Amino acid sequence: MRRMPLTDETVVAVVGAGAMGSGIAQVAAQAGHEVHLVDAAPGAAATAREKLSTTLARLVEKGRLTAEESDGILERIVIGPAADGDLKALPPVGLAIEAVVENLGVKHDIFDTLADAHDDSTVLATNTSSLDVNAIAANLRAPERVIGLHFFNPPPLMKLVEVVRTTQSSGDVLTDAMELMRAWGKTPVMCTSTPGFIVNRVARPFYGEAQRMVQDGVADPATLDLALREHGGFRMGPFELTDLIGQDVNLAVGTSVWLQTDRDPRYEPVDAQRQLVEQGRLGRKSGRGWFEYDESGQPLDVAPDEGRVRELVGGPVETDPVARTIARLVNEGVDLVRRGEACAEDVDTAMKLGTNYPKGPHEWLAEIGSATIVEQLRALDAAFPGGRYRVSPALEG
Ligand SMILES: NC(=O)c1ccc[n+]([C@@H]2O[C@H](COP(=O)([O-])OP(=O)(O)OC[C@H]3O[C@@H](n4cnc5c(N)ncnc54)[C@H](O)[C@@H]3O)[C@@H](O)[C@H]2O)c1
């Protein structure tokens, strides 16, 4: 079967018209593609298109888009016979992107139907955040055309897309997908279907180390957030950030990575966060997480101890939130590369664009030096044994 490359003429189907699917449809239509939007909930695809028309009208008002451009985008988003979930009613498409609920059975059924109904050259992509793309591709017809296209929220604004290759993905399909994402104005990085891909894997210590330090009584959340902002260059501290993301969402991602890595102690969720979730303290959305919020979403009880920040930063690594966090981020980044899951440049790009880190793990490594990072990890391992701080072989030698 001759493979048709992905081009700007490619007709696209987006399955799932929720937060991610509707944003991905917008991005594809903005790049000039005809996009068929599908959602199992009756009327959901049409509603998503109506919402988009309001968003675009606002952009036209602000002068960020012309009325013609806005009309063109909306015209290209087709609410056709398949819109309410009848996948078999889709016309032939060159690329189908699935963004439905995070459930392997549901996703696999959708891929099965799409694989049978479409030519073997149709590229099938999933936007899953945490499922193994190999499992989604398993037992499908022509599995070499299955990849992950992991967009970040919200897709129209976030530049990063993780292009995920399975053990069977064809090199041509991956090359085309990278090129297509660039044509859509995105910055693609490539990785294997490793748990958490690049961003959700490497970022785990940013949350876990700070949570452990609160649990051990080193400092309170506001003080640690301040230290990581002021001395680490992070735009937000881990506590204010997880309150924004939702403690339940952040814990679910961490737990998923931990379980998929056979409970690797590097990713073990922290009791303090589990308790928060059990108590319904989910963050801003529930009015209370690590911090308390008023009705307008403003935090109420944030009083960092600046003196304590000065005591901790630059002191022993066990109680230095910045050095401890960065040592572990570096260890994660280099280990991902050592295992062949992604290249160093892509890891750095992904962390800077996906999580807004000021530097990528390899940039920190070049600045700090592997001898110092290894020394810090060894000190942490001695203080907290059990494998959480084991040094990546990539740093030794
Ligand atoms: N929200 C995020 O921040 C984010 C970021 C990256 C990736 N993701 C991933 O994107 C996917 C979608 O997430 P979301 O936040 O847009 O979810 P969402 O709940 O906003 O939307 C999911 C949509 O899928 C529809 N749906 C469910 N089953 C379907 C089926 N069988 N056929 C067609 N449509 C169906 C639902 O009606 C709903 O409209 C998930 O896999 C998620 O892990 C989410």
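Atoms considered below: every heavy atom in the structure, side chains included; atoms not considered: hydrogens, waters and symmetry mates. The chain is numbered in sequence order, starting from 1. Everything numeric here is computed off the predicted structure, so don't read it as measured data. Atoms within each ligand, like the ligands themselves, are counted from 1 in listed order.
Looking at Ala44 against ligand 1, nothing comes within 4.0 Å, counting heavy atoms. Under 4.0 angstrom from ligand 1, the non-hydrogen atoms of Phe151 all belong to its backbone.
Atom CD of Glu102 sits in a crowded spot, with more than 12 heavy atoms from other residues, nucleotides or ligands closer than 6.0 Å. Applying the 6.0 Å contact sphere to CD of Glu69 captures more than 12 heavy atoms from other residues, nucleotides or ligands. The environment of CG in Asp262 is sparse: at most 12 heavy-atom neighbours from other residues, nucleotides or ligands sit within 6.0 Å.
Atom 20 (O) of ligand 1 has as its closest protein heavy atom Ala19 N, 3.0 Å. Looking at atom 7 (C) of ligand 1, its nearest protein heavy atom turns out to be Ser129 OG, 3.0 Å. Looking from atom 21 (O) of ligand 1 to the surrounding protein, the closest heavy atom is Gly18 CA, 3.3 Å. The protein atom (non-hydrogen) at minimum distance from atom 33 (C) of ligand 1 is Ala40 N, 3.2 Å.
Considering both main-chain and side-chain atoms, Asn127 comes within under 3.5 Å of ligand 1 through a nitrogen or oxygen pair. The shortest N or O to N or O distance between Lys107 and ligand 1 is below 3.5 Å. Residue Thr128 places no N or O, backbone or side chain, under 3.5 Å from any N or O of ligand 1. In terms of polar-atom proximity, defined here as any N/O pair under 3.5 Å, Val106 makes no such contact with ligand 1. In terms of polar-atom proximity, Ile110 is not counted as a contact of ligand 1, lacking any N or O under 3.5 Å from an N or O of the ligand.
The list of salt bridge (Lys or Arg N to Asp or Glu O under 4.0 Å) pairs with a residue in residues 189-216, not counting sequence neighbours, reads Glu209-Arg324, Glu209-Arg328, Glu209-Arg388.
If you take OG1 on Thr7 and CG on Asp176, they are separated by 9.0 Å, rounding to the nearest 0.5 Å. Interatomic distance, Met178 CE to Asp346 CG, rounded to the nearest 0.5 Å: 5.5 Å. Note that CG of Leu395 is 13.0 Å distant from CD of Glu375, once rounded to the nearest 0.5 Å.
Using a 4.0 Å threshold on non-hydrogen atoms, atom 17 (O) of ligand 1 does not count as touching the protein. At least one protein heavy atom sits closer than 4.0 Å to atom 10 (O) of ligand 1.
Salt-bridge annotation for Arg390 and Asp264: present, with a side-chain N of the basic residue lying under 4.0 Å from a carboxylate O of the acidic one. Salt-bridge check for Arg338 with Asp335: passed, with a basic side-chain N closer than 4.0 Å to an acidic carboxylate O. Ion pairing between Arg141 and Asp120 holds under the 4.0 Å rule for side-chain N and carboxylate O.
Among Ile326, Thr355, Leu241, the single residue meeting the side chain to side chain contact (heavy atoms under 4.5 Å, CB included) criterion with Phe206 is Leu241.
Comparing heavy-atom distances from atom 40 (C) of ligand 1 across Val253, Asn103, Val101, Val100 singles out Val100 as nearest. Remark: among candidates Ala45, Ala99, Gly21, the nearest residue to atom 22 (C) of ligand 1 is Ala99, based on non-hydrogen atoms. Among Asp39, Val199, Thr126, the residue whose heavy atom sits closest to atom 36 (C) of ligand 1 is Asp39. Heavy-atom proximity to atom 5 (C) of ligand 1, evaluated over Glu162, Met20, Glu98, Glu102, is greatest for Met20.
Counting atoms of ligand 1 from 1 in the listed order, those under 4.0 Å from a heavy atom of Ala41 are 37 (O). In summary, the atoms of ligand 1 found under 4.0 Å from a heavy atom of His150, numbered by their order in the structure, are 6 (C), 7 (C).
Between Tyr207 and Trp290, the gap from one ring centroid to the other reaches at least 6.0 Å.
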